[in-house]
Amino acid sequence: KKKMNIAIDGPAGAGKSTVAKLVAEQLSYLYIDTGAMYRALTLAALREGIDLQDGPALTEILSKTTIHLQHEQSGVRVLLNNEDVTEAIRMKDVTSNVSLVSSHEGVRLEMVERQRKLAEKGGAVLDGRDIGTYVLPDAKVKVFLTASVDERARRRYEEQRKKGIPADFDQLKEEIARRDQLDSTREFAPLKKADDAVEIDSTSLTIPEVAKSIIELAKERA
Ligand code: C5P
């Protein structure tokens with residue numbers, strides 16, 4: 001029997017990637033971080049000095065760019081034209097520009113095609129903004145994962161602090177709110193809960209608790 005796909009969407013910093021990784025691990029599914037793909041393109045565009053308002057130029061760059069999510073024991077490595085950019089795509093400059101880059105229809109159409117190909121055999125957990133609404137409208141399990149903006153900023157702050165990166169709470173909170181605003185108001189495939197998605201508010205839940213409820217949903221629908 002064909003394995004299902006699981007879609008996890010939601011605003012920035014809700015814990016999607018951590019949860020998605022855990023769910024994928026426990027079900028022996030493939031984890032596909034679609035945000036990393038948009039981040040990799042953003043990094044490529046910044047390096048080439050492309051005008052980030054220029055959709056056709058970005059689409060052109062993307063057509064000549066390979067992005068691989070390479071699964072290793074240590075985690076997923078992101079390869080941009082075979083260069084390891086796993087850390088580079090988390091830099092501030094990328095984070096603050098990725099919403100603009102991913103707002104262009106041409107960019108999204110190409111990314112969505114790549115994402116559908118990665119998921120075509122089933123057995124994948126995808127996290128992003130438009131997986132349940134646009135990329136995989138037929139996904140068996142759709143989750144819309146949220147948390148209050150304060151809680152999301154607090155988690156980001158802790159994450160940075162642990163990595164030894166200096167961070168400012170208010171600034172992180174502002175950045176998260178700004179990105180949500182851009183992502184949910186763009187014209188093409190905006191961030192939005194799918195009608196048939198299950199909403200999980202993780203504000204007062206732990207990551208393993210969230211993962212557990214998603215795995216239960218998957219088992220019910222298998
Ligand atoms: O998930 P992450 O925060 O790394 O995503 C970075 C950005 O990529 C989002 O803020 C959004 O602008 C874009 N994105 C998107 N569609 C997706 C995944 C990410 O537009 N499916």
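First listed ligand is number 1; within each ligand, the first listed atom is number 1. Only heavy atoms go into these numbers, but all of them, side chains included; no hydrogens, no water, no symmetry mates.
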Tell me if the CG atom of D195 is crowded by more than 12 foreign heavy atoms within 6.0 Å.
no

Decide yes or no for T95 and M91: does some side-chain heavy atom of the first lie under 4.5 Å from some side-chain heavy atom of the second?
no

Hey, is M111 one of the residues with a heavy atom under 4.0 angstrom from ligand 1?
no

Starting from atom 19 (C) of ligand 1, which protein heavy atom do you reach first, and at what distance in Å?
G35 CA, 3.5 Å

Identity and separation of the nearest protein heavy atom to atom 12 (O) of ligand 1
D183 OD1, 2.7 Å

Hey, any chance I32 and V23 share a hydrophobic cluster, counting ILVMFWY side chains that come within less than 4.5 Å of each other, even indirectly?
no

Side chain of T133, backbone of A194: donor and acceptor closer than 3.5 Å?
no

Give the numbers and elements of all ligand 1 atoms closer than 4.0 Å to a heavy atom of R90.
4 (O)

Atoms of ligand 1 less than 4.0 Å from D130 heavy atoms?
16 (N), 17 (C), 21 (N)

In ligand 1, which numbered atoms sit nearer than 4.0 Å to a non-hydrogen atom of G128?
17 (C), 18 (C), 21 (N)

If I apply the N/O under 3.5 Å rule, does Q115 come out as touching ligand 1?
no

Between E175 and L172, is there a side-chain heavy-atom distance shorter than 4.5 Å?
no

Report yes or no: is the cationic atom of R129 (NZ for Lys, CZ for Arg) closer than 6.0 Å to the six-membered ring centre of F188, at no more than 45° off its axis?
no

Any idea which protein heavy atom is nearest atom 8 (O) of ligand 1, and the distance to it?
V98 CG2, 3.6 Å

Under 4.0 angstrom from ligand 1, any heavy atom of R108?
yes

So which heavy atom in the protein is nearest atom 14 (N) of ligand 1, and how far is it from that ligand atom?
Y38 CD1, 3.7 Å

Would you mind checking which non-hydrogen protein atom is closest to atom 18 (C) of ligand 1, with the distance to 0.1 Å?
T34 OG1, 3.3 Å

As an exercise, identify every atom of ligand 1 less than 4.0 angstrom from a heavy atom of S99.
10 (O), 12 (O)

Is it the case that more than 12 heavy atoms not belonging to E159 sit under 6.0 Å from its CD atom?
yes

Between ligand 1 and R129, is the shortest N or O to N or O distance under 3.5 Å?
yes

Based purely on interatomic distance, does D33 place a nitrogen or oxygen under 3.5 Å from a nitrogen or oxygen of ligand 1?
no

Are I8 and I214 side-chain neighbours, meaning at least one heavy-atom pair lies under 4.5 Å?
yes

For atom 6 (C) of ligand 1, the closest protein heavy atom turns out to be R179 NH1, 3.5 Å

Atom 4 (O) of ligand 1 sits nearest the protein heavy atom R39 NE, 2.7 Å

Exercise: identify the closest heavy-atom pair between V210 and S202:
CG2-CB, 3.9 Å

Protein residue, atom and distance nearest to atom 13 (C) of ligand 1, heavy-atom basis:
S102 OG, 3.5 Å

Is ligand 1 under 4.0 Å from a heavy atom in the side chain of R178, in the backbone, in both, or in neither?
neither

Short N-O contact, D196 and K142, less than 4.0 angstrom
yes

pair D130-P190: side-chain heavy atoms closer than 4.5 Å:
no

